[in-house]
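Some notes on the structure that comes next.
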Number of protein chains: 2
Amino acid sequence: MNLKQLSELLGLSQTTVSRALNGYPEVNEATRERVLQAVKETGYRPNKAAQRLATGKAGSIGLVMPTAPDHYSDVHFGEFLTGLGEEAVRHDFHFVIMPADPNDEVGALRRLAISGNVDALFVAYMRGHDPRLPMLKSLSMPFLVHGRSIGSEPDYPYLDIDNEGAFYDATRLLLQLGHTRFALLNGPEHLDFAMRRKNGMIAALSERGLSLPDDHMSHTTMTDELGQTAMERFLQMPERPTAILCSSTVLALGAIRAVNQAGLKLGEDVSLIAHDDVLPHLKPENFSVPLTTTRSSLRAAGVRIAQRLIGTIKQDGPFPEQELWKTELIVRSSTGPVPRADQNLGGV
Amino acid sequence: MNLKQLSELLGLSQTTVSRALNGYPEVNEATRERVLQAVKETGYRPNKAAQRLATGKAGSIGLVMPTAPDHYSDVHFGEFLTGLGEEAVRHDFHFVIMPADPNDEVGALRRLAISGNVDALFVAYMRGHDPRLPMLKSLSMPFLVHGRSIGSEPDYPYLDIDNEGAFYDATRLLLQLGHTRFALLNGPEHLDFAMRRKNGMIAALSERGLSLPDDHMSHTTMTDELGQTAMERFLQMPERPTAILCSSTVLALGAIRAVNQAGLKLGEDVSLIAHDDVLPHLKPENFSVPLTTTRSSLRAAGVRIAQRLIGTIKQDGPFPEQELWKTELIVRSSTGPVPRADQNLGGV
DNA sequence: TGCTTTTGTCAAAGCGCTTTGGAACGGCGT
DNA sequence: ACGCCGTTCCAAAGCGCTTTGACAAAAGCA
């Protein structure tokens, strides 16, 4: 069943049917209804290839999937992709994926761009001075990045959350509660978001004349096991930290296991604030001690990025080039005043 | 630059140029050379959409990417995808990916099929009685599965490795070395390959009148941390197992850490055989005690699957419908005779 | 030499859609 | 009655490629 057959069936011209389908104003509402009805009955679906040829739009956005262990072992990426996918399906867009050796991300991105299969590109997992950025800019194809890249000219379209602000605020809260000995469970060190969170934390600390020694930071892939291991190390320190910042609720899950196994009480002996990406299977309010968090939905970011990308392709715009989402600081029970015994002991 | 312009430039007809490009025989070799040369100089690339429209082929294969934590936290999938991608790039094919809620895999697969964006479908991570299979069969679109599905009618095209055989052989080797107390570090219980490996192991054991109690099996996502945890549990048993089978070298990595930390010697106190997917960053011969393995390259499987899928689409066939790859049993130093002290103690 | 094959090339007809430039029609004012 | 406008629809021209059917030119055969 194609447009021609459908239009013959309806006794209309192809033009009219096409316009009815694509929401053009110059077609009678009654006619449009009739067309829509016929589409339902016949199960007509426009041929994608023909649409692509006629419009010059592929209806797809490209992304290269790095096959490095770092990226894969990451439920966060899955959650984000789900958001992207949700919105894409809604507009009948799809993703073209190119698996690539992590050493050849730039090349893979270029190949994807010139393949003619995509209208726009998307990248994530930004690093400092990210080499993909100059490449994308030279490409004359719309693109959007999730996150930012420290050290790069900030003249590219992005969506990011205010990582510095989030961890700055979280640190301030803990400082106000009297804590002076801090530690950080962070994501992989080379990733932009991890750097920014660290910076935000350090900024707040230095306002009080405190610093954060290297051995009080852990940079790992964000799994619960690694969170536990790192936390165990912190807890074995002679002057163990009482205030922990944590880049993910997944890391926090492990960290809290370590706290419990050490016979300590979360929110009393140890205060912890985690960043909450709103993962559906891991709700901070359901932890045995509900978690104080900085919150920003990863899935919502995916939805928004898909929206902007698709909007740009369809030229629905204009969209803001750069969006920086504030996070919410939600106080629950995992934070409390510094324990009496640890007061006035001075910072690390 | 399009075909028309290119042909005018060359003083040839579009037909001839098109034929020269697509390897048809009825064009003079000298002419073909000339065309190819011009393509290089002008950087001409055929318009994908037009090709799709003219040929009816999309030049792409679809896969739904489950966003469940299980699948993501899996370097194995990345390695496999790399193989697929390698071969796809070679033929200028691409993947269309649809991220999907794990509860809606079947629906996502159907949407992908009717979207008109793909010529063929690919699925992996098969489970028993997999509900995707009947759906795919009803679809009149070529598909290929990696793995098999216990409990399903075996009338679908697949590529799988002989998981039963691999673990049967591995178990026999350990039995011949005198071991009687076994344990298994396996992948997620509901996945077909894990079931088959367990079955192969149990088959070999029962030939000697041995069995494998539930607490001597661990079913987890295949990360090194979880391998370590599970192994620690095995080693704390009053009659600790001396022979370990392991579904991945990644699990083995953690397991061996546990062995070392318990002050035991691999290949002497404990023998271990792991399945080796030939992950580039984890070579069994580079372990401090080189690992005895059952080997089958996951990347090679990816390449082969892409070949078959692309071949089917291009009707290059015929390909065998079902392929079952034998694994190699490669003996290195992580296996040795049962320790003297543990001899004749009887199986679990 | 005249005849049939083979070889190398071409013009033109799609593939199924979007979109441009008009045309038919009714309602309005004069 | 006429001309003019806005609305609603249509015919036809692409989009860039593949492929069919035909045709010259070259080659093989008698």
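Numbered from 1 within each chain, the chains take letters A, B, ... in sequence-line order. Remember, predicted model here, so these are calculated numbers, not experimental data.
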- Item | His91(B) and Phe93(B) aromatic ring geometry - parallel, tilted or perpendicular at 30°/60° bounds |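 Aromatic pair Phe93(B)/His91(B) classed perpendicular.
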- Does any residue of residues 24-39 of chain B have a heavy atom under 4.0 Å from DNA chain D, and if so, which ones, in number order?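 Per residue number, the list reads Tyr24(B).
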- Item | Stretch residues 111-118 of chain B: residues that reach within less than 4.0 Å of DNA chain D through a heavy atom |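 Residues of residues 111-118 of chain B under 4.0 Å from DNA chain D: none.
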- Query: Is there a donor-acceptor pair under 3.5 Å between the side chain of Asp277(B) and the backbone N or O of Leu279(B)?
  - Reply: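 Between the backbone of Leu279(B) and the side chain of Asp277(B) there is no qualifying donor-acceptor contact (under 3.5 Å).
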- Task: Check whether any side-chain N or O of Gln322(A) sits under 3.5 Å from a backbone N or O of Tyr156(A) as a donor-acceptor pair, and report yes or no.
- Result: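 Answer holds: yes.
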What integer distance in Å separates [X]:[atom1] from [N]:[atom2]?
{"X": "Asn22(B)", "N": "dT19(D)", "atom1": "CG", "atom2": "P", "answer": "7 Å"}
{"X": "Gln5(A)", "N": "dG16(C)", "atom1": "CD", "atom2": "P", "answer": "8 Å"}
{"X": "Leu3(B)", "N": "dT18(D)", "atom1": "CG", "atom2": "P", "answer": "6 Å"}
{"X": "Leu12(B)", "N": "dT7(C)", "atom1": "CG", "atom2": "P", "answer": "19 Å"}
{"X": "Leu21(B)", "N": "dT9(C)", "atom1": "CG", "atom2": "P", "answer": "14 Å"}
{"X": "Lys48(A)", "N": "dC17(C)", "atom1": "NZ", "atom2": "P", "answer": "12 Å"}
{"X": "Leu6(B)", "N": "dC10(C)", "atom1": "CG", "atom2": "C1'", "answer": "16 Å"}
{"X": "Lys4(B)", "N": "dC10(C)", "atom1": "NZ", "atom2": "C1'", "answer": "15 Å"}

- For Ser152(B), what residues pass the side chain to side chain donor-acceptor pair (under 3.5 Å) criterion, not counting sequence neighbours?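 For Ser152(B), the residues satisfying side chain to side chain donor-acceptor pair (under 3.5 Å) (neighbours in sequence not counted) are Ser149(B).
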For nucleotides 23-28 of chain C, tabulate all protein N/O to nucleotide N/O atom pairs closer than 3.5 Å, reporting atom names and distance.
none

- Query: Would you call Asp160(A) and Arg148(A) a salt bridge, using N to O less than 4.0 angstrom?
  - Reply: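 Arg148(A) and Asp160(A): salt-bridged.
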- Query: Does a salt bridge link Arg111(A) with Asp92(B), judged by any charged N lying under 4.0 Å from a carboxylate O?
  - Reply: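 Here Arg111(A) does not pair with Asp92(B) in a salt bridge, since their nearest N and O are not under 4.0 Å apart.
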- For Lys137(B), look at atom NZ and say whether over 12 heavy atoms of other residues, nucleotides or ligands are found less than 6.0 Å away.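 Atom NZ in Lys137(B) is crowded, with more than 12 foreign heavy atoms closer than 6.0 Å.
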- Task: Decide yes or no for Met98(A) and Ile97(B): does some side-chain heavy atom of the first lie under 4.5 Å from some side-chain heavy atom of the second?
- Result: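 No. Closest side-chain heavy atoms not under 4.5 Å.
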- Query: Does Leu12(A) reach the side chain of Val35(A), with side-chain heavy atoms less than 4.5 Å apart?
  - Reply: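 Leu12(A) reaches Val35(A) side chain to side chain.
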- Item | Pairwise distance CZ(Arg110(B)) to CG(Leu136(B)) - rounded to 0.5 angstrom |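 Arg110(B) CZ to Leu136(B) CG: 10.0 Å, rounded to 0.5 Å.
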- Working to the nearest 0.5 Å, report the span between CZ of Phe193(B) and CD1 of Ile161(B).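 Those atoms lie 9.0 Å apart.
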- Query: DNA chain D: Ala49(B) or Thr16(B), which has the more 5' nearest nucleotide?
  - Reply: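 So the residue in question is Ala49(B).
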- Message: Filter on salt bridge (charged side-chain N to carboxylate O under 4.0 Å, His left out), then keep only pairs touching residues 301-311 of chain A, sequence neighbours left out; what's left?
- Response: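 Sorted pair list: Arg304(A)-Glu323(A), Arg308(A)-Glu323(A).
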- Passing candidate, ring-ring contact (aromatic ring centres under 6.0 Å, His included) with His146(B), options Phe80(B), Tyr125(B), Tyr158(B):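 Considering Phe80(B), Tyr125(B), Tyr158(B), a ring-ring contact (aromatic ring centres under 6.0 Å, His included) with His146(B) is found only for Phe80(B).
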Could you run down the sub-3.5 Å N/O contacts of the protein with nucleotides 11-15 of chain D?
{"residue": "dA11(D)", "atom": "N6", "partner": "Thr15(A)", "partner atom": "OG1", "Å": "2.5"}

- Message: Here's a test for you: under side-chain contact (heavy atoms from CB on, under 4.5 Å), which of Ile313(A), Ile310(A), Ile61(A), Leu309(A) qualifies with Asp119(A)?
- Response: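 In the set Ile313(A), Ile310(A), Ile61(A), Leu309(A), the residue that makes a side-chain contact (heavy atoms from CB on, under 4.5 Å) with Asp119(A) is Ile313(A).
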